[in-house]
Student: 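After the structure tokens below, expect a handful of questions from me.
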Amino acid sequence: MKKIFIALVFYFIFALCANCATLDEMIGQMIIVGYHGNRVDSSGFKTVLDQIEKNQISGVILFEHNIKDKKSLNEMTKQIKNAKTKYEPFISIDQEGGYVQRLNKRNGFKDFPTFYTVSKISQKNASKVYKDMASELYKSNFNLNFTPCVDLSTNKDSIISKKERSFSSKSQKVIKYSKIVIDEHQKKGIITTLKHFPGHGSAVGDTHLGFVDASRDWNKNEIKPYISLLKYNPNQMVMVAHTFNNHFDNKFPSSLSKKTIDNYLRAKIGFEGVVITDDLDMLAIKNNYTLEETVINAINSGVDILLFCNFKEENPNLPSKIHSIISNAIKQGKINENDIKLSYERILKLKSNLK
């Protein structure tokens, strides 16, 4: 009874929030972008800080090119954290360890091992690794980490296997060590992200570079970590891959696929939380869809947050373009406004977990 009461309280709070927010504010909460610059006086940083304070974006993602040293990083993240905005901003990063770690020895932090390396040590020692990682992120004001990578290393030729970005080819081992990552981050109030749904470890190819078809070697075991880990902790994001997979959809890649997200991740697995795309600047998407097609298809598929890393080309006007695309699509009947409200409510509910 107590749980039902709490759930009802949350429902009414978020319903009220949706009713008092403008449509533009709700759209803003659906956008996370990267920027160019590694100091508070960089023009790119000033632009995203202004966009946060005007409720035009939900937060930012930082890469190694943004991180000159600890001092400069902390000055930027502190200003973002203390921004005069209606909504607490996401300050996000890809910090897995190994090949994917934006904080590292080159910019004054520590290097962490790959997931595969960690899988060879005890759970107790693994806890120490991820406790250290979460502590570094917490001290630098990050509140969202796009980890753990729960792909199964089922194809030795996949980018996941080659870069040791998977704990194992066995789902139970991936689940066991991923729980450690999740727990240590949660202790520091940092939201984690399960990726890359519905599984990238069987696919040969790199979605950063172009179209990747996962259909041939994909198998249903790749879903098991999501089922288990979302039951274990539902207060996470799920990042959807740009891989094409005809086990789910014979037309769209997973990140733009209603059959994959709404019909499977939400309806079949029962995930009611925030779904985020992988970087929509990746060539698997950019080479095959216009910005308008990308935004509309992603939202109609059930995506809540659109991630644009702005990694290669600085595009400070991107948030305003996305706002215009979504607003016009709603007017034209191409996007249902209620879907925007639902995403907004999910995002605010998740943000309520931030410390």
Side-chain angles (χ1 to χ4, degrees), residues 18 23 25-34 56-61 90 92 94 144 146 191-200 207 214 223 226 230 234-245 248-249 251-282 284-286 288-310 318-319 321-330 334-351:
L23 177 60
E25 286 175 353
M26 289 189 278
I27 292 170
Q29 288 304 296
M30 298 176 70
I31 304 168
I32 291 178
V33 296
Q56 294 172 347
I57 59 176
S58 192
V60 295
I61 178 171
F90 284 125
S92 68
D94 276 314
L144 171 60
F146 296 125
I191 293 168
T192 47
T193 309
L194 307 184
K195 63 183 186 183
H196 307 80
F197 189 83
H200 206 308
T207 50
I223 295 295
Y226 294 94
L230 289 172
N235 294 317
Q236 304 183 75
M237 288 189 187
V238 171
M239 178 179 282
V240 188
H242 296 321
T243 52
F244 177 83
N245 191 327
F248 297 87
D249 195 328
K251 182 178 180 182
F252 291 107
S254 298
S255 55
L256 307 183
S257 168
K258 185 177 180 66
K259 291 179 179 178
T260 305
I261 300 170
D262 263 352
N263 297 359
Y264 198 95
L265 177 58
R266 294 209 189 279
K268 190 162 185 178
I269 294 180
F271 180 55
E272 297 178 351
V274 173
V275 175
I276 186 170
T277 65
D278 207 341
D279 176 19
L280 291 167
D281 281 328
M282 288 183 186
I285 299 300
K286 211 165 185 178
N288 296 290
Y289 300 92
T290 65
L291 179 60
E292 182 177 7
E293 289 170 335
T294 297
V295 169
I296 291 173
N297 284 325
I299 291 172
N300 287 338
S301 73
V303 162
D304 299 301
I305 296 181
L306 308 165
L307 177 64
F308 286 89
C309 292
N310 276 331
L318 182 61
K321 290 180 182 177
I322 296 169
H323 277 258
S324 295
I325 288 169
I326 296 173
S327 297
N328 290 334
I330 290 170
K334 294 178 181 178
I335 289 177
N336 188 327
E337 185 174 342
N338 193 53
D339 289 339
I340 305 299
K341 292 179 181 178
L342 288 173
S343 290
Y344 174 80
E345 288 168 13
R346 290 187 194 110
I347 294 162
L348 259 61
K349 185 175 181 180
L350 185 62
K351 282 190 171 185

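A quick note: this is a predicted structure, and the numbers were derived from the prediction, not measured.
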Student: Quick check: does any side chain N or O of S92 sit under 3.5 Å from a backbone N or O of V60, one acting as donor and the other as acceptor?
Tutor: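 Side chain of S92 to backbone of V60: a pair is present.
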
Student: Has T290 got a side-chain atom pairing as donor or acceptor with E293's backbone, closer than 3.5 angstrom?
Tutor: yes

Student: Short question: side chain of Q29, backbone of M26 - any donor-acceptor pair under 3.5 Å?
Tutor: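 Flag not set: sc Q29 to bb M26 has no pair under 3.5 Å.
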
Student: Would you mind reporting whether H323 and I31 have side-chain heavy atoms less than 4.5 Å apart?
Tutor: yes

Student: Going by atom types only, do S255 and H242 share a side-chain donor-acceptor pair under 3.5 Å?
Tutor: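 Looking only at side-chain atoms, H242 and S255 do form a donor-acceptor pair, the distance falling under 3.5 Å.
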
Student: When you compare the side chain of L350 with that of M237, does any pair of heavy atoms fall below 4.5 Å?
Tutor: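 Yes, side chains in contact.
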
Student: Distance from L194 atom CG to M239 atom CE, nearest 0.5 Å?
Tutor: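 CE of M239 is found 10.5 Å from CG of L194.
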
Student: Side chains of I276 and F146: does their closest heavy-atom pair fall under 4.5 Å?
Tutor: yes

Student: Given 3.5 Å as the limit, does a donor-acceptor pair link the side chain of T207 with the main chain of T243, or not?
Tutor: no

Student: Using 0.5 Å steps for rounding, measure from the CD1 atom of I335 to the CD1 atom of I27.
Tutor: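 Answer rounded to 0.5 Å: 8.0 Å.
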
Student: State, to 0.1 Å, how close P198 and S254 come at their nearest heavy-atom pair, and which atoms those are.
Tutor: CD-OG, 3.2 Å

Student: Just verifying a value: how many Å separate N245 CG and H200 NE2, rounded to the nearest 0.5 Å?
Tutor: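 Separation between the atoms: 11.0 Å.
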
Student: Flag yes if more than 12 heavy atoms outside E272 fall under 6.0 Å of its CD atom; otherwise flag no.
Tutor: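 Not buried by this count: 12 neighbours or fewer within 6.0 Å.
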
Student: Measuring from atom CG of N336 to atom NZ of K341, what distance do you get when rounded to the nearest 0.5 angstrom?
Tutor: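 One finds 9.5 Å between CG of N336 and NZ of K341.
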
Student: Do the non-hydrogen side-chain atoms of L306 and L280 ever get within less than 4.5 Å of each other?
Tutor: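 A side-chain contact under 4.5 Å exists here.
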
Student: Let's go through D94 and K195 carefully: what are the C-alpha distance in whole Å and the side-chain angles of both, what is the deciding distance for salt bridge (charged side-chain N to carboxylate O under 4.0 Å, His left out) to 0.1 Å, and is it a yes or a no?
Tutor: CA-CA 11 Å; D94 276 314; K195 63 183 186 183; 3.3 Å; yes

Student: Has the side chain of N300 got a donor or acceptor atom that lies under 3.5 Å from a matching backbone atom of K334?
Tutor: yes

Student: Looking at side-chain heavy atoms only, is the closest gap between I347 and I305 below 4.5 Å?
Tutor: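 Yes, close enough: below the 4.5 Å cut-off.
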
Student: Check the pair D278 / V240 against side-chain contact (heavy atoms from CB on, under 4.5 Å), numbers first and verdict last.
Tutor: CA-CA 6 Å; D278 207 341; V240 188; over 6 Å; no

Student: Looking at CG of N297 and CZ of F252, how far apart are the two atoms once the value is rounded to the nearest 0.5 Å?
Tutor: 4.5 Å

Student: Of all heavy-atom pairs between S343 and D304, which one has the smallest distance, and what is that distance?
Tutor: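 For S343 versus D304, the nearest heavy atoms are OG-OD1, 2.7 Å.
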
Student: How far does CD1 of I325 sit from CD1 of I299, to the nearest 0.5 angstrom?
Tutor: 9.0 Å

Student: Can a donor-acceptor pair be found, under 3.5 Å and without considering hydrogens, that links the side chain of D281 to the backbone of N310?
Tutor: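 Checked: pair present.
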
Student: Are K286 and D279 ion-paired here, with the side-chain N under 4.0 Å from a carboxylate O?
Tutor: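 Salt bridge between K286 and D279, a charged N being under 4.0 Å from a carboxylate O: no.
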
Student: Do NZ/NE/NH1/NH2 and the carboxylate oxygens of D339 and R266 come within less than 4.0 Å?
Tutor: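 Looking at R266 together with D339, the answer is no, because their closest N to O distance does not fall below 4.0 Å.
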
Student: Report yes if the side chains of I322 and F308 come closer than 4.5 Å at any heavy-atom pair, otherwise no.
Tutor: yes

Student: Are the side chains of F90 and I191 in touch, meaning some heavy atoms are under 4.5 Å apart?
Tutor: yes

Student: Apply side-chain contact (heavy atoms from CB on, under 4.5 Å) to the pair T260 and F197, showing each step before the final yes or no.
Tutor: CA-CA 9 Å; T260 305; F197 189 83; 3.8 Å; yes

Student: Passes side-chain contact (heavy atoms from CB on, under 4.5 Å), D249 versus K258? Steps please.
Tutor: CA-CA 8 Å; D249 195 328; K258 185 177 180 66; over 6 Å; no

Student: Which heavy atom in G302 sits nearest to a heavy atom in V275, and how many Å separate them?
Tutor: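 That closest heavy-atom pairing would be O-CB, 4.1 Å.
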
Student: With side-chain contact (heavy atoms from CB on, under 4.5 Å) as the criterion, how do K321 and L291 come out once you've worked through the C-alpha distance, each side chain's angles and the decisive distance to 0.1 Å?
Tutor: CA-CA 9 Å; K321 290 180 182 177; L291 179 60; 4.2 Å; yes

Student: To check you understand the geometry: which heavy-atom pair defines the closest contact between S301 and L256, and what is its length?
Tutor: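 Residues S301 and L256, closest heavy atoms: CB-C, 3.6 Å.
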
Student: When you check the side-chain N and O atoms of S58 and K351, is any donor under 3.5 Å from an acceptor?
Tutor: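 Yes, K351 and S58 have a side-chain donor paired with an acceptor closer than 3.5 Å.
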
